[in-house]
Amino acid sequence: GSLCVITLSIPSLSPSKYMLVDLAGSERIVKSGAIKDFTKAAEARNINTSLTSLGRCISALSSGNSFVPYRDSVLTMLLKQSLGGECFTSVFITGTRD
């Protein structure tokens, strides 16, 4: 799995910016077989680090902390406006039992 961020902006139509984000999933390195492939294992670790950073940001925002660790990952820096700015955010979640 991998993370994907697509930003759509059409200034001539609207000042709005649309971000489509596929957060992949929490990667279990051993279960996915990535442990045998250094590149896949590194990618899985990076995904897990990004998701952990996102969780820290959401936790800080929900508890009203004055400091939110957006700079902990590229993902949270990209999502800063969506998480803590004045915007509308929609979340779609899919999951499996695996």
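Basis for what follows: all heavy atoms, side chains included, without hydrogens, waters or symmetry-related copies.
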A.B. asks: Side chains of Ser50 and Ser53: donor-acceptor distance under 3.5 Å anywhere?
C.D. replies: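 Distance-only check fails for Ser50 and Ser53.
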A.B. asks: Among Asp72, Leu23, Thr49, which residue meets the side chain to side chain contact (heavy atoms under 4.5 Å, CB included) test with Leu54?
C.D. replies: Leu23
A.B. asks: Distance from Leu79 atom CG to Cys87 atom SG, nearest 0.5 Å?
C.D. replies: 9.5 Å
A.B. asks: Donor-acceptor pair, Ser62 side chain versus Ile58 backbone, under 3.5 Å?
C.D. replies: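 A pair under 3.5 Å: yes.
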A.B. asks: Which pair of heavy atoms, one from Leu83 and one from Leu61, lies closest together, and at what distance?
C.D. replies: O-CD1, 3.6 Å
A.B. asks: Applying side chain to side chain contact (heavy atoms under 4.5 Å, CB included) to Cys57 and Tyr70, what does each step give before you reach the verdict?
C.D. replies: CA-CA 6 Å; Cys57 287; Tyr70 293 115; 4.0 Å; yes
A.B. asks: Starting at OG1 of Thr89, measure out to CD of Gln81 and round the result to the nearest 0.5 Å.
C.D. replies: 10.5 Å
A.B. asks: Quick one: list whatever passes side-chain contact (heavy atoms from CB on, under 4.5 Å) with Val5, sequence neighbours left out.
C.D. replies: Thr7, Met19, Val21, Leu75, Leu78
A.B. asks: Going through the distances and angles, do Ser16 and Tyr18 end up as a side chain to side chain contact (heavy atoms under 4.5 Å, CB included)?
C.D. replies: CA-CA 7 Å; Ser16 301; Tyr18 300 91; 4.0 Å; yes
A.B. asks: With rounding to the nearest 0.5 angstrom, report the CG to SG distance, Leu20 to Cys4.
C.D. replies: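 Here the rounded value is 8.5 Å.
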